[in-house]
Protein chains: 2
Amino acid sequence: MAPKKKSKRSLTSRAPVAEAATQGSRATSYDVALRAGISQSAVSRCFQEGASISPKMRARVMRAAEDLGYTPNAIARSLITRRSNLIAVIISNLTNLYYPEVLAELSALASAKGIRVLLFTLSSESEIDHVLEQVWQYRVDGAISAARLSSAQIDTFSKNGVPLVLYNRYLQGSAASAVFCDQSDGARVLVERLVSVGHRRFGVIAGPRDSFVGQERVAASLQQLAKLGFHNVPVVAGEYDYESGVRGLHELVSAAKRYLQAVICANDVMAIGAMDAARFDLGIAVPDKLSVVGFDGVGPASWSSYRLTTLRQPVQRMAEATLSLLLDRISNPSLPAERRVFSGTLIEGSSAKLGPT
Amino acid sequence: MAPKKKSKRSLTSRAPVAEAATQGSRATSYDVALRAGISQSAVSRCFQEGASISPKMRARVMRAAEDLGYTPNAIARSLITRRSNLIAVIISNLTNLYYPEVLAELSALASAKGIRVLLFTLSSESEIDHVLEQVWQYRVDGAISAARLSSAQIDTFSKNGVPLVLYNRYLQGSAASAVFCDQSDGARVLVERLVSVGHRRFGVIAGPRDSFVGQERVAASLQQLAKLGFHNVPVVAGEYDYESGVRGLHELVSAAKRYLQAVICANDVMAIGAMDAARFDLGIAVPDKLSVVGFDGVGPASWSSYRLTTLRQPVQRMAEATLSLLLDRISNPSLPAERRVFSGTLIEGSSAKLGPT
DNA sequence: TTGAAAGCGCTACCAC
DNA sequence: GTGGTAGCGCTTTCAA
């Protein structure tokens, strides 16, 4: 291996080797110090907020830094400050259409606060342990998870002193902070209004088993239906994607012998799939012959071809809350866990007939 | 500030302080060494690939590590190895619907290779300098940029010894590696076939000025149109979003006095917007009265409501190529820049009438 | 205000 | 195979 060429060990009072950041290795605070004829610690101070340094000295240092193309090494800094300014964002399926919106918000907000996002995506549930291993290695200051975490996994966060905020899910009995949207209320309103306008035969396309919000949406809907006297509502499984919606509707329709009147889908994309399946595969007019509703409020839901009736999540406010919870706990680790619960907004599109407000 | 409690300085031959990773600070290789009654360097070796360590010793160390919940500190490691195993991924608009797909691919591939993704999103072009500053600070091993970079900005990468691969763009005269999809061919075919089947009055909805592929798509289309005798084709500006497509079609139609026959959109989402505007706002049947084509091949393009005729980019293969170019240059920085150019695939949906193949 | 020195937790290079 | 030692580039006391 080629020998590094930094002299080191010989402090400021050494021959001023005019040493530019040539090949590969970048300039260090040490190089800058040498060039500015000053101590290394003074250079360090120049790059800190309220450090005591005289204006003339700072100017000299900054000039030298510029000449050498010096940038402080955040890695080395975080080693000693014990702050990486890194947060982990763990997302299970970026293909969900909903999560990119969340990620974009989180990333923008974090960036504005000088925090960097280390992204971890899972293509399968089984990767989670491996991913967590990486999270620990990088000594992130905190983590946001929109992926399913077991209670034991959640515990490792506090054990490792890494604040964690769950997004769009929480674990009962676990003391993890969480931000999510309580859609039970919305689901109840939705169901009630569907019933009030005369829908009688319902079907549900559920989300994946590991989706917390999916379960909640379905459960709340079924519960309200039961309350209003509708039992044994058929539920088919889905995977949150368009094809699931298409497939789901086919299944429901064949099960219901075409008498289906309203379909509640655990997310928008499946609702869109269901609408398309109804109109194009089965020749069922939406909303005249079939009402379709979804959850999320993603972009495509509002496209003219769909104008989906859905319960929109306040993504931006939720992202803000998530980051704020996290940053609070990073600066004060002893803060107790907190849940921030939002309400969804009912978007009355034209994919379902609803009763009067 | 509370005094740290690690004794350090006293090497192995010290009183074995039974020290668990209690509050906050995590266990170090030093703690593990102490507990296993072994040297710190041996512990380090246990966590490296082909390091020489006896099985029994390794077992002992691993046990101690487990007890203490020890995980190697990647930050400290990268300080000395000069490898952070971090790559920067710079993306301008995650809201584009196309980029989340790319990001998901890149992230999955990187993860599989033991590389972590540090995500940088830009909400505006002006942030780029600030973002680059952060990229330097974190000493990433390499970078992938799907955002617009000036030639000077590109130069700073090589100046800092950070390999860079541009995604979906390249800069003429600049020696940066790049992966993109040459859609000129596809655009030519598309135009030719539109003409062959009788379209005469064209319109174009362009992408943002800073979109390299957008410019290329439009330029190639116009060029081919000119070649076939169609000059002064109206072009309206767009921002790649659904509303741009809607607005764009309105503009084109009013300019063309309703005689518009085919619209070429610089991406799928605008094409979708244009289709919706045609059908729902203006009562123009697609493709009977108007053909609409797009570029990208994003998910929604294939939804039954659209079945868009589009030129699909091989996202997965492009992501693979991008990462492979980058990793090659990380392990061998002297490798010359390279461009990997892919061809798009024409997806014949039903949003446009095309001639025979 | 400034500089010397002591590490942060780790890997690398030695001798043994 | 193993352990000591010397740093990686930085922040942080602590004296001067």
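The sequence lines fix the lettering, A, B, ..., with proteins before strands; numbering per chain opens at 1. FYI, side chains are in, hydrogens and waters are out, and symmetry mates aren't considered; it's all heavy atoms of this structure.
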Report summary line: Which of D:dG4, C:dT11, C:dG9 is nearest the side chain of B:Ser41? It is D:dG4
Query raised in the report: At under 4.0 Å, does any side-chain N or O of B:Gln48 touch on OP1 or OP2 of C:dA12?
Result: yes
Query raised in the report: If you check every side-chain atom of A:Ser29, which of C:dG3, D:dC10, C:dA12 has the closest atom?
Result: D:dC10
**Report entry** Rounded distance (Å) that lies between atom C1' of D:dG7 and atom CD1 of B:Ile80
**Finding:** 6 Å
Query raised in the report: Should B:Val102 and B:Tyr167 be marked as a side chain to side chain contact (heavy atoms under 4.5 Å, CB included) after you check the CA-CA gap, both sets of side-chain angles, and the distance that decides it?
Result: CA-CA 10 Å; B:Val102 178; B:Tyr167 185 97; 3.6 Å; yes
Query raised in the report: Tell me: CZ of B:Arg60 to P of D:dG3, nearest whole Å?
Result: 8 Å
Query raised in the report: Can you find an N or O donor on one side and an acceptor on the other, under 3.5 Å apart, linking the side chain of B:Arg58 with the base of D:dG1?
Result: no
**Report entry** Length of the line joining A:Trp136:CH2 and C:dG9:C1', which is rounded to integer Å
**Finding:** 19 Å
Query raised in the report: For A:Leu68 and D:dG9, what is the distance between atoms CG and P respectively, to the nearest whole Å?
Result: 13 Å
Query - Interatomic distance where CD1 belongs to B:Ile75 and P belongs to C:dT11 [whole Å] - result: 13 Å
Query raised in the report: Considering residues, nucleotides and ligands other than B:Gln48, do more than 12 of their heavy atoms fall under 6.0 Å from its CD?
Result: yes
Query raised in the report: Is there a donor on the side chain of B:Ser54 or the base of D:dG1 sitting less than 3.5 Å from an acceptor on the other?
Result: no
Query raised in the report: When the distance from CG of B:Asn85 to C1' of C:dT11 is rounded to whole Å, what number comes out?
Result: 14 Å
Requested in this report: Nearest-nucleotide wise, let me know which of A:Leu79 and B:Arg45 is further upstream toward the 5' end of DNA chain C.
Outcome: A:Leu79
Query raised in the report: Between A:Ser44 and D:dC10, is there a side-chain N or O to OP1/OP2 distance below 4.0 Å?
Result: no
Query raised in the report: Are A:Gln153 and A:Ser150 close enough that a side-chain donor and a side-chain acceptor fall under 3.5 Å?
Result: yes
Query raised in the report: Are A:Arg35 and A:Asp31 ion-paired here, with the side-chain N under 4.0 Å from a carboxylate O?
Result: no
Report summary line: Side-chain atoms of A:Arg77 come closest, of D:dT12, D:dT11, C:dC10, to D:dT11
Query raised in the report: Any side-chain heavy atom of B:Leu326 sitting closer than 4.5 Å to one from B:Leu164?
Result: no
Query raised in the report: How many Å lie between OH on B:Tyr138 and P on D:dG9, as a whole number?
Result: 17 Å
Requested in this report: Scan A:Ile53 against the nucleic acid and name what it touches under 4.0 Å (heavy atoms): base, sugar-phosphate only, or nothing.
Outcome: sugar-phosphate
Query raised in the report: Taking atom P of D:dG9 as reference, at what distance in whole Å does atom OH of A:Tyr70 sit?
Result: 10 Å
Report task. Give a yes/no answer on whether the side chain of B:Tyr30 brings an N or O atom under 4.0 Å of OP1 or OP2 in D:dG4. Result -> no
Report task. Tell me what A:Phe47 touches on the nucleic acid: a base, only sugar-phosphate, or nothing, going by heavy atoms under 4.0 Å. Result -> nothing
**Report entry** A:Arg82 side-chain N/O to C:dG9 phosphate OP1/OP2 under 4.0 Å
**Finding:** yes
Requested in this report: Step through it carefully: locate the ring centre of A:Phe157, locate the ring centre of A:Trp136, and say whether they are under 6.0 Å apart.
Outcome: yes
Query - Residue whose nearest DNA chain D nucleotide is more 5′ - B:Lys56 or B:Ala76 - result: B:Lys56
Report task. Verify the contact: side-chain N or O of B:Ser52 to OP1 or OP2 of D:dG1, cut-off strictly under 4.0 Å; return yes or no. Result -> yes
